[in-house]
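Presented below is the structure to which this report refers.
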Amino acid sequence: MRTVITISLNGNAYQLDAGGYEAMRAYLHVAEQRLAGNPDQGEILADLEQAIADKCRRYLGPHKNVVSAEEVAEVLREMGPVDGDAGEAAHPGAGLGGGLGAGAAAGGLGAVGGSSGTENGVGGATTGDPAARGWGLGGGAGGTDGGFGAGVAAGQSGAASNGTGGLGGTAAGGGVGTGAGASNTGGAAQSEAPRRLYQIREGAVISGVCKGLAAYLNIDVSIIRILFVALVILTGGVWILIYIVMMFVIPYAQTSEQHAAAHGWPFNAEELVARAKAHYAQFRENGTKWHRRQYREQRRAWRTQHKAWKEQQRHWERWGGLNGPPPPPPPPPGWVAGQPPNPSYQGQLLNGVISPILAVVGVLVGFTFLFMLLSLVRHHTIFGWWWPHEIPLWVGIVFLVLLYRAITSPLHQARYAAYYGAPVGHAWVALIGALVWLALLSFLAWEAWQHWDDVADFFQRVVIFWQDLIERRATSPGDSEHAALYFLAFGVPSCVLPGYVATRELKSHGEIDRVDMLGEAADGDVVDAGLSDGAYSLQ
Amino acid sequence: MAVNEKFGAIRKGLLEFLVLKVIAADRVYVADMLKKLAETEFATQEGTLYPLLSRMRRDGLVDYEWKESEAGPPRKYYELTASGRSQLAELDDYWRVINKTIEDLGPKG
């Protein structure tokens, strides 16, 4: 069994097996690097992709829809190294390197076992079959040599500088074009995956700051959390403000690529597959609702992909015309990691404008909600309206939480849609939702104005509460445990709240987007804080 | 060092000249060019040709237009510009001079 990866080459979908994918990725990566600074870089890359696609199609037929690693290696060998210095080297006398027939190993693409390397994959430095030919990442570093110095490049690139690499180099320089020699899959290129600081929602207690930081620093998240709690206590609560700032400043890891960057994992096929496998094992182990929902999302993503493929097929039929259409690209095999589409540039721009506004509004709503909740718990009243005695209070809390969720979900959808720019219909629905929601908000604000005393009272209480807490810690150090517990209570997983569970049930049946579910924590804390506050005051 | 290898740099330098010649003969797309060159000592590959063509286009020697093909996606068909033609003529003359020099030098057979 082999892993298959679907790629798009200049708009055409192709399936490659994992080894072939790595080789092609490496080839295009090197091409991109070599063409860096070339004003036509994008165009040349598109042309190259198209040429690769044409060559790959040769290997596909009605009963064969995966291009094997060997075939990819052959295609790339035919393509030849990308001549980054075409500008200079093409002038007479400039190209001092080697022959034109520099061959497969030319251009610093270290030979990765095309045949045997398939299984070797990426993990680390693996020595391929000496007779193997192909392309790999190994040469990425060696690709700096000018022009056609093929032999030299191959020699350098092999961290396998055990002589055999040099041998491969000579062979290539001689125009033989077989990069014979020990191959190196370039562990170096892999380990240098960029690491970025993100917030990680999955499994977060509050917003994912600690989780992201833990991933970034490669420390167990519990240590970071304990540290944060300690800092809160030591700074007398000021750290909470810092946390909130971080919450707003540090971006969320949303795509698989960002998740990988958060952990500093290399983002490539092998890793994705490995993680997908691990995920699946987890899924089997505890088939919770959450996992089932994930699965549905993946299926949805797959359907979208499939639709794109269908369109492509039509495209082929159109071009096919008279001479018998070339075989359409094969259908996608399924979906490995569900991830939102990459944000378009316009989407990001739009997001830049809308998002801060929506964020501010979101905070305001959060506070309003908090106020209502507090008011309900403490005075059994919402904006002056008395909660009927015959209905238990928790019903009111559930009601409020549900209301809050219902109100904020269009907001989150709007943010999401603004960010990703598409689909348009979705964005409009979200926008209308957001407008309705704004109207509601204005009404609430007006109400709050009418009951200004309560609002003022609420803020006063929050301040007093914090003062109280800090004082208590100062006067009796033993009680700091209590404060720590309190802080943790912020993060008591929202699922403890009956209202939340109910919402989750609702969502798992409804059509509400994933982001609503995950993108809620920022406001969710406020919810938790409110409830904890209530619980605390009731003690 | 094989002769083949020795002249690598020369072939490389002449590639642009050859490409100009191929394009002058007929309006061609890249696969055509590769096929024509493959039969000669100047066999080359996409990885070389695309960057070269892009530079030649920037230099104003060649231009292309998209043409729909009977099978597959549209292709770029290349043709020479006026300055490309004049450069080709110049190179042709120069090549003749070089050839003559080579023949004139050395022992006469």
Side-chain angles (χ1 to χ4, degrees), chain A residues 10-12 27 31 34-35 38-41 43-48 50-55 57 76-102 106-107 147-148 150-151 173-175 315-316 319-326, chain B residues 1-20 29-35 37-38 40-59 61-62 64 66-76 78 87 90-91 94-95 98:
Chain A
N10 201 22
N12 300 329
Y27 179 85
R34 299 190 142 210
L35 294 170
N38 189 318
D40 292 330
Q41 187 199 31
E43 192 185 341
I44 297 174
L45 283 175
D47 283 341
L48 289 173
Q50 184 59 55
I52 293 175
D54 288 341
K55 287 179 190 295
R57 206 179 311 137
L76 296 180
R77 197 186 60 74
E78 281 177 30
M79 290 294 294
V82 173
D83 193 352
D85 300 318
E88 314 312 318
H91 289 306
L96 294 172
L100 276 175
F148 263 69
H315 176 82
W316 274 115
W319 288 116
L322 311 165
N323 294 11
Chain B
M1 209 184 200
V3 173
N4 182 343
E5 208 173 320
K6 227 172 231 177
F7 282 89
I10 294 174
R11 281 199 305 267
K12 172 87 179 146
L14 284 174
L15 187 59
E16 183 176 337
F17 179 35
L18 266 286
V19 168
L20 280 176
Y29 68 104
V30 170
D32 285 339
M33 285 185 224
L34 288 169
K35 214 183 293 170
L37 291 172
T40 70
E41 300 78 32
F42 292 88
T44 187
Q45 294 169 300
E46 281 94 338
T48 307
L49 199 52
Y50 276 115
L52 177 64
L53 283 169
S54 117
R55 189 186 56 76
M56 287 167 72
R57 193 180 63 84
R58 277 205 307 282
D59 291 348
L61 301 177
V62 300
Y64 65 76
W66 288 100
K67 282 244 168 160
E68 298 201 356
S69 68
E70 284 165 357
R75 292 162 171 166
K76 282 177 181 173
Y78 285 86
Q87 173 138 76
E90 256 176 73
L91 284 171
Y94 187 60
W95 183 246
I98 290 176

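Letters A, B, ... mirror the listed sequences (proteins, then strands); counts begin at 1.
Annotation: the span from A/E43 atom CD to B/Y64 atom OH amounts to 3.5 Å, rounded to 0.5 Å. Rounding to the nearest 0.5 Å places OG of B/S54 at 8.5 Å from CG of A/D47.
Heavy-atom distances place the side chain of A/Q50, and not its backbone, under 4.5 Å from chain B.
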Test salt bridge (charged side-chain N to carboxylate O under 4.0 Å, His left out) applied to A/D40 and B/R57, step by step: CA-CA 10 Å; A/D40 292 330; B/R57 193 180 63 84; 3.4 Å; yes
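The nearest pair of heavy atoms linking B/Q45 to A/G80 is OE1-CA, 3.0 Å. Nearest heavy-atom pair, B/P51 versus A/V82, reported as atom, atom and distance to 0.1 Å: CG-CG1, 4.1 Å. The minimum heavy-atom distance between A/A51 and B/Y50, with the atom names listed, is CB-CE1, 3.9 Å.
Other residues, nucleotides and ligands contribute at most 12 non-hydrogen atoms within 6.0 Å of the CZ atom of B/F7.
When side chains are defined from C-beta on, B/T48 does not count as touching A/M79, because their heavy atoms never get closer than 4.5 Å.
Proximity of a side-chain donor or acceptor of B/E46 to a complementary backbone N or O of A/L48 within less than 3.5 Å is not detected.
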